[in-house]
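Working notes, structure below.
Treat the numbers as computed from the prediction; the structure is a model and nothing was measured.
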Amino acid sequence: MHTTSMQATGRGMVQVTRDVISLFKLRIGVLIMITALVGMAITPGPSVTWLQVLVLALSVLTASASAGAFNQYVEYQSDRLMKRTARRAFVTGALPHHPGWLALMALMLAAAVTAAWTAFNGAAALHVFLGAFFYGVVYTLWLKRRTSMNIVIGGLAGSFAVLAGAAAVDPGISPLPWLLALVLFLWTPPHFWSLAIANSDDYAKAGVPMLPVVVGPQRAAQAVLISTVALFVASLLPLLYGAGWVYALGALAGGLHFVHKSWLLVRNPVRATAMASFFASLIQLSVLLAAASIDAAIR
């Protein structure tokens, strides 16, 4: 009996952990945090301490988490209509949909911005704030239900993380971090549109005008390919501003893989090829960020 109770408690803790990770969107938050650290790594300037690196990482992660939770708080009703989001904690009732969460989210964002300002400067703090603001307010509240271009502008949220990392080293921000921020901006649309093609029925049920819902999967797939090619070209621009051969290999390998998968998506715009394109986008960004970090370390 005691063992059974302990097992039930263990399963309950595991589920709570999953609910928290899902609520704060920690998986994508970690990726955004990494982009900030890469922005710091590729920026020339005075060396930073490990404590400052930790403050930057936690500031960006906490700000991203607050925006992710706000997104779920606002959209819990429409999340009920989508298979992909129907198990989120506010939907199932695993976590109460209570205004107290808004206070927590605001406190998290304030703490993140204050930490960045204290450890670095106002420019770094501003970019930490803007990343959360563009996802939580500009994308979620203003654009998502008004235009099929919602994710294009919303993609600036990831760009600000790169700029936050760069500004932490040099508030002036050199060309290389700006170009990496451009890459993040161009990466978001084909990444998300691929996922939206795979889940277009869900978005249609929820009344969200994602591009595949508005123009159909074929035209959306063509938009994915065009934007992926633009992303690939942009990812090569840092080579004109000092990026080395390791970065070049990463940009070519990851970029060509993503372009190939998006081309296959155009040929056959179904869920399988859309998810393949989506995962290729994650591979492309991961390889690019790793290559940029290694390249900066050996130069």
Q. What is the minimum heavy-atom distance between Ala196 and Met210, and which atoms define it?
A. CB-CB, 4.2 Å
**Q.** Side-chain touch Leu61/Ile32, heavy atoms, less than 4.5 angstrom
**A.** no
Q.
Given 3.5 Å as the limit, does a donor-acceptor pair link the side chain of Asp295 with the main chain of Ala291, or not?
A. no
Q. Between Val215 and Ala220, which heavy-atom pair has the shortest distance, and what is it?
A. CG2-N, 3.8 Å
**Q.** Minimum-distance pair of heavy atoms, taken over all atoms of Ala132 and Ala67
**A.** O-CB, 3.6 Å
Q) Mind checking whether Met149 and Leu211 have side chains closer than 4.5 Å, heavy atoms only? A) yes
Q | CG-CD1 distance between Leu180 and Ile42, expressed to the nearest 0.5 angstrom | A | 4.5 Å
Q.
When you compare the side chain of Gln218 with that of Val266, does any pair of heavy atoms fall below 4.5 Å?
A. yes
Q: Could you tell me whether Arg88 and Glu75 have a side-chain N and a carboxylate O separated by less than 4.0 Å?
A: no
**Q.** Shared hydrophobic cluster for Val287 and Val162 (ILVMFWY, side-chain gaps under 4.5 Å)
**A.** no
Q. Got a second to check how far Ile34's CD1 is from Leu285's CG, nearest 0.5 Å?
A. 9.0 Å
Q) Roughly how far, to the nearest 0.5 Å, is the CE atom of Met33 from the OG1 atom of Thr62? A) 10.0 Å
Q) For the hydrophobic clusters of this structure (ILVMFWY residues joined by side-chain heavy atoms under 4.5 Å, transitively), does one cluster hold both Ile21 and Leu58? A) no
Q) Regarding Thr140 and Asn71, is there a side-chain donor-to-acceptor distance under 3.5 Å anywhere? A) yes
**Q.** Backbone of Val259 reached by a side-chain donor or acceptor of Ser262 within 3.5 Å
**A.** yes
Q: Take Val208 and Val213 through the side-chain contact (heavy atoms from CB on, under 4.5 Å) test and state the conclusion after the steps.
A: CA-CA 8 Å; Val208 180; Val213 176; over 6 Å; no
Q. Does the side chain of Ser235 reach to within under 4.5 Å of the side chain of Tyr247, using non-hydrogen atoms?
A. yes
Q: Please answer whether the main-chain N or O of Leu143 pairs with a side-chain N or O of Thr147 as donor and acceptor at a distance below 3.5 Å.
A: no
(Q) Could you report the tightest heavy-atom contact between Pro209 and Gly207, atom names first, then the distance? (A) CD-O, 3.7 Å
Q. Do Val74 and Phe70 come within less than 4.5 Å of each other through their side chains, counting heavy atoms only?
A. yes
Q. Does the side chain of Leu225 reach to within under 4.5 Å of the side chain of Leu265, using non-hydrogen atoms?
A. no
Q) In terms of side-chain geometry, is the basic nitrogen of Arg84 or Asp202 positioned less than 4.0 Å from the acidic oxygen of its partner? A) no
**Q.** Side-chain (Thr228) to main-chain (Phe258) donor-acceptor, under 3.5 angstrom
**A.** no
Q.
Tell me whether Trp245 shares a hydrophobic cluster with Ile294, the cluster being built from Ile, Leu, Val, Met, Phe, Trp, Tyr side chains joined at under 4.5 Å.
A. yes
Q) When rounded to the nearest 0.5 angstrom, what distance separates CH2 in Trp263 from OG1 in Thr273? A) 12.0 Å
Q) Taking all atoms of both residues into account, what is the closest heavy-atom pair of Val60 and Ala161, and its distance? A) CG1-CB, 4.3 Å
Q. Going through the checks in order, is the side-chain contact (heavy atoms from CB on, under 4.5 Å) test met by Leu240 and Leu237?
A. CA-CA 6 Å; Leu240 302 177; Leu237 294 179; 4.2 Å; yes
Q | Steps toward side-chain contact (heavy atoms from CB on, under 4.5 Å) verdict (Tyr135, Leu156) | A | CA-CA 8 Å; Tyr135 184 76; Leu156 283 170; over 6 Å; no
Q) Rounded to the nearest 0.5 Å, how far does NE2 of His257 lie from CD1 of Ile283? A) 4.0 Å
Q: Kindly say whether the aromatic ring centers of Phe90 and Trp101 come within a distance under 6.0 Å.
A: yes
Q. Looking at Pro189 and Ile151, what are the two nearest heavy atoms and their distance?
A. CA-CG2, 4.1 Å
(Q) According to a hydrophobic-cluster definition based on side-chain heavy atoms being under 4.5 Å apart (Ile, Leu, Val, Met, Phe, Trp, Tyr only), do Leu256 and Val246 belong together? (A) no
Q. Just by distance, with hydrogens left out, do Ser22 and Arg87 show a side-chain donor and acceptor under 3.5 Å apart?
A. no
Q. Roughly how far apart are Trp193 CH2 and Ser148 OG, rounded to 0.5 Å?
A. 7.5 Å
(Q) Side-chain heavy atoms nearer than 4.5 Å, only ILVMFWY residues, links allowed to pass through others: does that put Leu176 and Leu249 together? (A) no
Q: Could you walk me through whether Ser194 and Lys261 pass the side-chain contact (heavy atoms from CB on, under 4.5 Å) test, one step at a time?
A: CA-CA 10 Å; Ser194 296; Lys261 292 298 183 181; over 6 Å; no
Q | side chain to side chain donor-acceptor pair (under 3.5 Å) partner of His191, chosen from Ser281, Ser227, Ser277 | A | Ser281
Q. Are the side chains of Phe232 and Gln284 in touch, meaning some heavy atoms are under 4.5 Å apart?
A. no
Q. Should Val55 and Phe120 count as side-chain neighbours, where that means a heavy-atom distance under 4.5 Å?
A. yes
Q.
Over 60° means perpendicular and under 30° means parallel, so tell me whether Tyr73 and His97 are parallel, tilted or perpendicular.
A. parallel
